[in-house]
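Order of the sequence lines fixes the chain letters, A, B, ..., with proteins taken first and strands second; residue numbering starts at 1 for each chain. Since the model is a prediction, treat every value here as computed from it, not as a measurement.
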Number of protein chains: 2
Amino acid sequence: MDPLDERSKQILYAIIQSYINKPDPVGSRFVTKKYSFGFSPATIRNIMADLEDMGFLSQPHTSAGRVPTDKGYRFYVNSLLGQDRKINTSGIETAFIDNFSRKLDEIKNDITGMFSEVSNTLSSMSNYVGVALPPKPEKSHFTRIDFMKYKSDHVVAIILTDEGVMKHKIIKSDPSLSQDDLNRIAEYLNNEYAGRTIDDIKSVLIGRMKADKMLWDKLISRAITLCEEILSFSESDIYFSGLHDVMNLPDFSDISRIKEISKAIKDKHTILRLLDALSDNEGVQVMIGDENPVTELKNLSIVTSPYKEGDRNIGLIALIGPTRMDYSKAIFMVETVAGCISKTLKG
Amino acid sequence: MDPLDERSKQILYAIIQSYINKPDPVGSRFVTKKYSFGFSPATIRNIMADLEDMGFLSQPHTSAGRVPTDKGYRFYVNSLLGQDRKINTSGIETAFIDNFSRKLDEIKNDITGMFSEVSNTLSSMSNYVGVALPPKPEKSHFTRIDFMKYKSDHVVAIILTDEGVMKHKIIKSDPSLSQDDLNRIAEYLNNEYAGRTIDDIKSVLIGRMKADKMLWDKLISRAITLCEEILSFSESDIYFSGLHDVMNLPDFSDISRIKEISKAIKDKHTILRLLDALSDNEGVQVMIGDENPVTELKNLSIVTSPYKEGDRNIGLIALIGPTRMDYSKAIFMVETVAGCISKTLKG
DNA sequence: GTTAGCACTCTCCTTGTTCGAGTGCTAATA
DNA sequence: TATTAGCACTCGAACAAGGAGAGTGCTAAC
């Protein structure tokens with residue numbers, strides 16, 4: 001299957017690592033000097049030519065060195081993912097991670113603050129764009145709901161979930177609903193449905209509530225209308241940060257590349273959909289350049305990992321950067337930060 | 001006071017308008033051609049040299065045309081602000097404004113959505129960075145508070161205000177406080193303090209609550225602790241948008257300029273403080289380049305206007321762009337959008 | 001299979017040149 | 001006295017030419 005012999009692999013690996021380290025096309029002479037393979041430049045040249053034929057490398061122009069292709073990065077990432085990543089080789093200090101973990105714990109009651117902190121940390125540590133998707137309310141366990149009357153013909157609904165995710169919503173409602181009525185509806189919901197996921201409640205239980213109608217008559221029918229509106233959440237939140245830092249990377253010294261990435265994160269919907277689709281998979285995932293289904297991201301790479309509550313994936317974080325990404329560091333960071341979040345949500 | 005004669009003013013005005021329209025240094029020949037003042041280029045040159053001596057214009061290099069200085073723009077803006085702006089000269093269609101106004105009305109119950117819509121509209125219409133500051137909760141009128149017990153040792157507090165701004169907060173609390181206790185505290189607060197501004201409650205009433213202590217004994221003392229924590233809001237929200245669109249302006253064709261503006265809006269705190277300081281002033285305000293107290297904004301201009309609820313300024317919107325801004329359009333937009341918001345909040 | 005040697009290619013940088021736009025100054029003009 | 005025409009001058013943008021440097025592919029020798 002894999003037509004690469006060991007030597008070619010080592011050289012390819014070395015070239016990619018060197019290029020990630022410094023974005024200059026890598027020449028045969030450089031390889032022999034920097035890494036002591038014990039071959040002359042001419043030999044390396046032959047191998048490099050082969051690697052180019054196989055699509056792992058490419059030449060910007062005839063007399064330049066070689067540059068990895070997406071396929072080359074894929075090889076590199078695959079061998080990284082095959083390695084044992086328990087050892088921190090990313091250059092990120094463990095003290096920093098501990099510190100971050102402690103900080104998360106302090107602010108875990110403020111889900112907004114927590115996830116903006118997460119994306120900030122991701123980006124500032126990596127110099128790539130940090131992305132954080134908070135737990136989706138639909139997948140969370142319903143803990144409690146409360147209603148408040150507001151301005152006679154509106155109702156404020158507040159939903160609490162296990163992870164502390166809270167949604168509030170102001171809804172126009174029948175003015176004849178009194179605060180007492182609302183309290184009764186809330187009590188009913190809290191008693192009957194606590195512990196279920198919102199998705200459950202939405203799909204299955206609204207049907208059942210309709211069946212309960214005989215019990216509660218017209219109050220319940222109003223409650224149903226209310227709930228249907230409340231449980232239809234608008235699009236999830238998503239936190240980005242680090243566009244500014246990314247501009248300092250040599251990969252984005254060209255203004256059109258900045259426009260590219262800024263366009264990609266500008267319309268959140270696209271990325272949201274993409275990440276949503278990934279959120280059920282396990283472990284770190286890497287999408288390199290062209291592998292990306294979204295046009296706007298064809299020149300970028302995404303490293304992403306879900307985080308868990310117990311054994312359910314409930315959300316996701318990611319790093320977006322140039323295809324010439326420090327994948328080793330990015331993978332380590334994303335894995336570590338996801339681990340911190342899972343730990344915080346558990347504790 | 002003003003050493004400019006009418007003729008010089010007209011020429012200066014024309015030069016600035018031309019430069020705003022197209023960022024090429026304006027030469028004497030061009031002025032004579034484009035605007036028919038009836039003088040030869042030589043005469044115009046003399047006047048331009050005078051204007052340069054007075055600091056209204058500057059030359060990028062000896063043989064280039066002239067470019068407005070900050071002082072020049074200030075002259076331009078002052079004469080704009082002196083004009084009657086009731087007439088829409090900005091090229092923005094009234095149909096669009098009506099549409100926007102209607103849209104605002106639809107989503108006025110969702111303060112987050114509303115203000116992100118505001119900043120989006122500002123930016124997409126102008127191609128500058130749109131900024132929106134939602135009403136500060138501290139200045140809002142307290143309408144209602146509610147508490148919910150959460151995970152035995154936490155309390156969720158929800159505060160509603162007149163403008164519908166709602167803050168929720170999860171607070172660690174004494175586990176012995178029962179939901180009943182919480183309800184009684186809430187009832188007390190709702191009865192006693194509805195209608196006051198949060199600032200009021202914070203500064204004056206917490207003192208009074210302490211005096212009430214005899215009445216309610218230890219429950220109230222707990223309530224006080226709770227309230228103190230609840231009413232200390234974190235920094236206000238601020239919505240930015242349009243960094244992406246700004247990149248298409250010729251003023252930001254240089255990457256370092258993009259970094260500049262992106263840095264400026266990256267740390268929200270600075271701009272927040274700046275705008276906060278302006279929010280008590282009446283009407284549109286323009287800060288041009290150097291006039292700006294914040295270093296990061298020395299090369300940018302800000303056009304801003306407060307919006308009202310009744311006759312109180314409760315929040316603020318702004319446009320940030322290059323000093324070569326279409327001030328006429330920007331002023332019109334900011335004024336109009338602020339008007340729409342005020343109208344929506346009233347209705 | 002590996003290596004040395006060599007001609008070749010391509011980019012980057014520097015230098016020189018031209019062209020055009022626009023200026024400032026001076027002397028002539030109304 | 002204000003305005004204008006004329007002219008020499010300056011500067012930047014655009015283009016061309018040439019050399020340096022890095023790296024390649026190919027061939028023949030080891």
Legend entry - Rounded distance (Å) that lies between atom P of C:dC10 and atom CD of A:Q59: 11 Å
Legend entry - SB check B:K266 A:D245 (cutoff 4.0 Å): yes
Legend entry - Interatomic distance, B:N46 CG vs C:dG22 C1' [rounded to whole Å]: 14 Å
Legend entry - Among D:dA5, D:dT3, C:dT3, the nucleotide that comes nearest once only the side chain of B:R7 is considered: D:dT3
Legend entry - A:V286 and A:I302, any side-chain heavy atoms less than 4.5 Å apart: no
Inset, instruction - Kindly say if A:T62 contacts the phosphate of C:dT11, meaning a side-chain N or O under 4.0 Å from OP1 or OP2. - result: no
Legend entry - Upstream residue (5' side of DNA chain D) when A:A42 and A:P25 are each assigned their closest nucleotide: A:P25
Inset, instruction - Please report, rounded to the nearest Å, how far the P atom of C:dA21 is from the NZ atom of B:K33. - result: 10 Å
Inset, instruction - Would you kindly check whether a donor in the side chain of A:R29 faces an acceptor in the base of D:dG23, or vice versa, at under 3.5 angstrom? - result: no
Inset, instruction - Select one nucleotide: of C:dG24, D:dG25, D:dT24, the one nearest the side-chain heavy atoms of A:A49. - result: D:dG25
Legend entry - Nearest-Å distance for atom pair CD1/C1', residues B:I44 and D:dA5: 15 Å
Legend entry - Side-chain N,O (B:T43) to OP1/OP2 (D:dT4) below 4.0 Å: yes
Legend entry - N or O in side chain of A:R66 less than 4.0 angstrom from D:dG23 OP1/OP2: no
Inset, instruction - Say whether B:S18 and B:N21, considering side chains only, have a donor N or O and an acceptor N or O under 3.5 Å apart. - result: no
Inset, instruction - Rounded to the nearest angstrom, tell me the gap between atom CD1 in B:I47 and atom P in C:dG22. - result: 17 Å
Inset, instruction - Could you tell me whether the phosphate oxygens of D:dT10, OP1 or OP2, come under 4.0 Å of any side-chain nitrogen or oxygen in B:S63? - result: no
Inset, instruction - Find out whether the Lys NZ or Arg CZ of B:R7 is both under 6.0 angstrom from the six-membered ring centre of B:F39 and within 45° of the ring's axis. - result: yes
Inset, instruction - Ignoring the backbone of A:H61, work out which of C:dT11, C:dT3, C:dT9 is nearest its side chain. - result: C:dT11
Inset, instruction - Let me know the distance between CG of A:L57 and C1' of D:dT24, rounded to the nearest Å. - result: 14 Å
Inset, instruction - Please work out if A:F39 contacts a base, only the sugar-phosphate, or nothing of the nucleic acid, heavy-atom cut-off 4.0 Å. - result: sugar-phosphate
Inset, instruction - For the side chain of B:R45, starting at C-beta, report the closest nucleotide among D:dT4, C:dT23, C:dA4. - result: C:dT23
Inset, instruction - Would you please confirm or rule out a distance under 4.0 Å between OP1 or OP2 of D:dG23 and any side-chain N or O of A:S28? - result: no
Legend entry - Mutual orientation of the aromatic rings belonging to B:Y73 and B:Y327 [parallel < 30°, tilted 30-60°, perpendicular > 60°]: tilted
